[in-house]
Amino acid sequence: MPRTKKINRSRSVLTDPEGAESLDSRCHSKTRDSPRNPKKLQAEPKSKKPRFAVLTAHQHPNREVIDIEEMAWAPKYGLKGMIDASVRVKVESGRNKADEKIVPLEFKTGKFSNGQASIWSLLKIASMEHVAQVILYTLLMSERYLKHIDSGLLYYLQSDQTRGITVQRSDVVGLIMRRNDLANDILKASRTQQLPPMLQSLNMCRSCRHLDVCTIYHKVHGGSKESSGLGDLFDSHVHHLTTAHYVFLRRWDQLIDLEAKETQLVKNRIWRPHNLKSDDSTSCFSSVVLDTSDRVPYQKSLKDNRFIYRFVHKKIPLHDAHASGGESSSFPSSAEDFDYTLKSGDYVIISTKFGHQTVASGFITDISQSYVSVSFPKRLRLPSSNSSSEAHDLFREVWQIDKDEFMTSFSVMRFNLVQLFLQSEQSSHLRKMIVDLEAPRFDSGCIFSQDPALSYIWSVKNLNGDQRRAILKILTAKDYALILGMPGTGKTSTLVHAVKAMLMRGASILLTSYTNSAIDNLLIKLKAQVTSYHFYYFLIENVSCPLYLMYFANLAVSLPRTFSLELWIIGYNCSIFVSQSHYYSCCTLLKKKRLQGIDFLRIGRQEVVHEEVRANCVLAMDVHSVEDIKLRLEQVKVVAVTCLGISSPLLANKKFDVCIMDEAGQITLPIALGPLMFASKFVLVGDHYQLPPLVQSIEARENGMGMSLFCRLSEAHPQAISALQSQYRMCQDIMELSNALIYGDRLRCGSSEIANARLEFSGLQSCSSWLKEVLNPGRPVVFINTDMLPAYEAKDSKTVNNPIEAYIVAEVTKELLNNGIVGDDIGIITPYNSQANLIRTAVNITSVEIHTIDKYQGRDKECILVSFVRSSENPRNCTSSLLGDWHRINVALTRAKKKLILVGSCKTLSKVPLLKLLVEKVEEKSSIFSVSKIDINYKEHKGELKRCSHIR
DNA sequence: ACTCTGCGTAGAGGA
């Protein structure tokens, strides 16, 4: 069954100034058609219609297509849109007068009249919605060009007809009123969970493409057959749902509302240009100009036909700097000025700083302390400037670059959620598993020896028992399997082998996760496995008999140790290799095959995909037509894409046998549903003892949005879990901490080498005694207690940091480096961004990675330093939701391989029960060191401090 | 009581 696309995507989108969501995220029959009162809106009667003539550049230099796909955002109306084409036309009105006007031109691919005359074409009137759209565009354009634009054009491609539209004031009023009604409905729905009544028109609703969604929502919100006005049609659309289903849908819909509301509080500056507080916008470059060092304003990228502009900070003239209180004549290019939140690949909106005009959208291709390069699909153009001064105007303009936050994730969530309640077979199976929590089924005990996947699993030598069991769990699952991958237990390589095993069964696999990096990690491993020189690939095409298969499996095991052997089976018919020569010719063939590796397709934007797998993106491949792409999609067995990227048109109608979702513990339920709809069974991999999904709204979090699908299913059906418990990361002492605090001794070291691994110094140089103790490799875990120092947290309105802890961390890091530990092996983590920035300045060595704990999940280093930050004279009023979350503590404690150095105030931290336990555990090993004023050079430290606190 | 990743904009049909 074809997958219906997103709910009502109209190109001009309502953006309510009060923060209502865009039009497409909600659907109800009343909101479907643009004008509520059709009578109000009519195209000009034919007789009075003025004649339009679009003039191309060669006809007259000043009459032309000015722009295509022009971005037009009008905060004044709370509307935004993209105009197909902006054209300059000559309008001949009755009395030989000809005016030149700028008007929007909208293309319609449909037939205006196609032989069979519809009522509309008979009347020579364009479709009402189309006219309404053009009228809205004239409003947007009037704002953009700062002049009144009162006409527009519609062009129907199939019938090659053009319609002129003259805006009537009454039409505009009607549309604006309709817009306000809509905004009101949306706002009401998201705040009070009340939807507008249904249209109650069988004729209109019967063929509406939103009928499914509409009826389900109506029923969920207490509606009935009667109130729907659709009679049996209504019942036939909702009869499959139970009360439990309604409760589930209503609850999640409300959670999404809560979260959306919270997120919208920090909405884009662009929609409130008059609210000029600079600190309310989270990520932007506020005053930049085009880099004038090159003569040309942009560089043309031939590969993807885009235009790259480079922006630099605006130099402030001296008198300006005085006025704003600055000391230098230009913006300091310090860390403070550099926005860490914007990164390469991010979508941005560029607008004029003073005119508040949004000009274009593009993405960042390169960013450094001094400049930012942005790639646009076309040349930058200020709507107000004329062609002669265009380039000059661009250079003179002061720009603002904002991150483009389109909140599509909420509409994706809603879309996914409602998909779960449709009547289709796929939906109903998933609903049983996820809503009704039916027990997942597994192929019981009997293992089919002729299953090539199983032979493969037995043949792989470097899997431990847990890992093999996990893969078997996956292979025997009929509905789903859960893999609990505790820190460092090799879940990625387990997944890689699981993928290979399933490929041998001929299964198609969808690999997914929330983040691009998680997916690329997996793919890089998948790639490395195959191209490794230690493997020989045997492609047994056309194997007829399972017995032969067994024979080959045995042969594989009996080959010399140096070759780990893999069987690669495609299909099950015809001959088998018999002679020695045949055998060798196969080997040659397979060596060639080996170099190609496992074939997979990575779907996603190239800018954000890891360079090592970029070659597997559709665009990077040798495709020249839609047919090529189709062919590729049919061939390929493994497709990798993010949870949100799943709605890519490339995957429309695609189905997979299995969906594997990595880092599933960090994905909210409605987002996770998306990819699952594409497969007949799924595997969730994660660790719900680590950080849960990020949910902004406290209310939503407390009401269950923070619980991932992985967590939900794990709690309902522990028998579906296969746990990986042998870890290959932490040494014994480090592991014992999280075993005691979190995992209840379920974690164990994979080998004695791992358990006894110690940090190796290149010979300890003389340093002060406390540092010597801290570095002592014999103590894998140490706690530096700051209670003897006045090392208190500094608290701004929004951030917390601790300068003395930052100083201590920097000192220890320096000492580690002095003793031969390379920067790459050291990681510094802390709960707070502000502290991470402070440490970054204090340490100032780029090879040492410094991040928040949250960002560090999934990573590890030889040596990790943790700065806990919280410390106050009166610990009682020192509450922290960040440190209070045991998931986060767990992540912090499980990142280090050989040495874990904790820095904090025992007294303050002991107020948190789990951290109290942590302190006690370290104390048992007598590894707590209280540093005093004598230990750290206080004078020097004061100087440092000043520099630190100066930064922010 | 401060943790932050993803995602592109479609458009026709019908009474």
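No hydrogens, no waters, no symmetry mates; every other heavy atom, side chains included, goes into these values. Lettering follows sequence order; numbering is per chain, from 1.
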Looking only at the side chain of [X] (C-beta and beyond, no hydrogens), which of the listed nucleotides [options] gets closest?
X	options	answer
A:Ser361	B:dT9, B:dC7, B:dA12	B:dT9
A:Thr852	B:dC2, B:dC4, B:dG6	B:dC4
A:Asp854	B:dT9, B:dG6, B:dC4	B:dC4
A:Met82	B:dT9, B:dT3, B:dC7	B:dT9
A:Thr515	B:dG6, B:dT3, B:dC7	B:dG6
A:Val608	B:dC7, B:dT5, B:dC2	B:dC7
A:His130	B:dC4, B:dA12, B:dT5	B:dA12

Worksheet item: Within the structure shown, what part of the strands sits under 4.0 Å from A:Asn516 by heavy-atom distance: base, sugar-phosphate, or nothing?
Response: sugar-phosphate

Worksheet item: Starting at the 5' end of DNA chain B, what dot-bracket string do you get if Watson-Crick and G-U pairs under 3.5 Å are bracketed, crossing pairs use [ ], other-strand pairs use | and unpaired bases use dots?
Response: ...............

Discussion item. Taking donor-acceptor contacts at under 3.5 Å, does the side chain of A:Ser409 reach the base of B:dG6?
Written reply: yes

Item to complete: With the side chain counted from C-beta on, respond yes when A:Leu510 and A:Ile646 share a heavy-atom pair under 4.5 Å apart, and no when they do not.
Response: yes

Under 4.0 Å between a side-chain N or O of [X] and OP1 or OP2 of [N]?
X	N	answer
A:Ser834	B:dC2	no
A:Thr642	B:dC7	yes
A:Asn833	B:dC2	no
A:Arg209	B:dA10	no
A:His851	B:dT3	no

Discussion item. Measuring centre to centre across the rings, with the benzene-like ring taken for any Trp, is A:Phe107 within less than 6.0 Å of A:Tyr155?
Written reply: yes

Practice prompt. Take the angle between the ring planes of A:Trp886 and A:Tyr689 and call it parallel below 30°, perpendicular above 60°, tilted in between.
Written response: tilted

Item to complete: Could you check how far OH of A:Tyr155 sits from P of B:dG11, rounded to whole Å?
Response: 16 Å

Worksheet item: What is the distance, rounded to the nearest whole Å, between atom CG of A:Leu691 and atom P of B:dC4?
Response: 10 Å

Exercise answer: donor-acceptor pairs, residues 662-670 of chain A side-chain atoms, under 3.5 Å, sequence neighbours excluded:
| unit_1 | atom_1 | unit_2 | atom_2 | d |
| --- | --- | --- | --- | --- |
| A:Asp662 | OD1 | A:Lys491 | NZ | 3.4 |

Worksheet item: Would you say the side-chain atoms of A:Lys261 and A:Gln696 include a donor-acceptor pair closer than 3.5 Å?
Response: no

Worksheet item: So, A:Gln690 versus A:Asp687: side-chain donor-acceptor pair below 3.5 Å or not?
Response: yes

Worksheet entry | Residues forming a side-chain contact (heavy atoms from CB on, under 4.5 Å) with A:Ser708, sequence neighbours excluded | A:Pro693, A:Phe710, A:Cys711

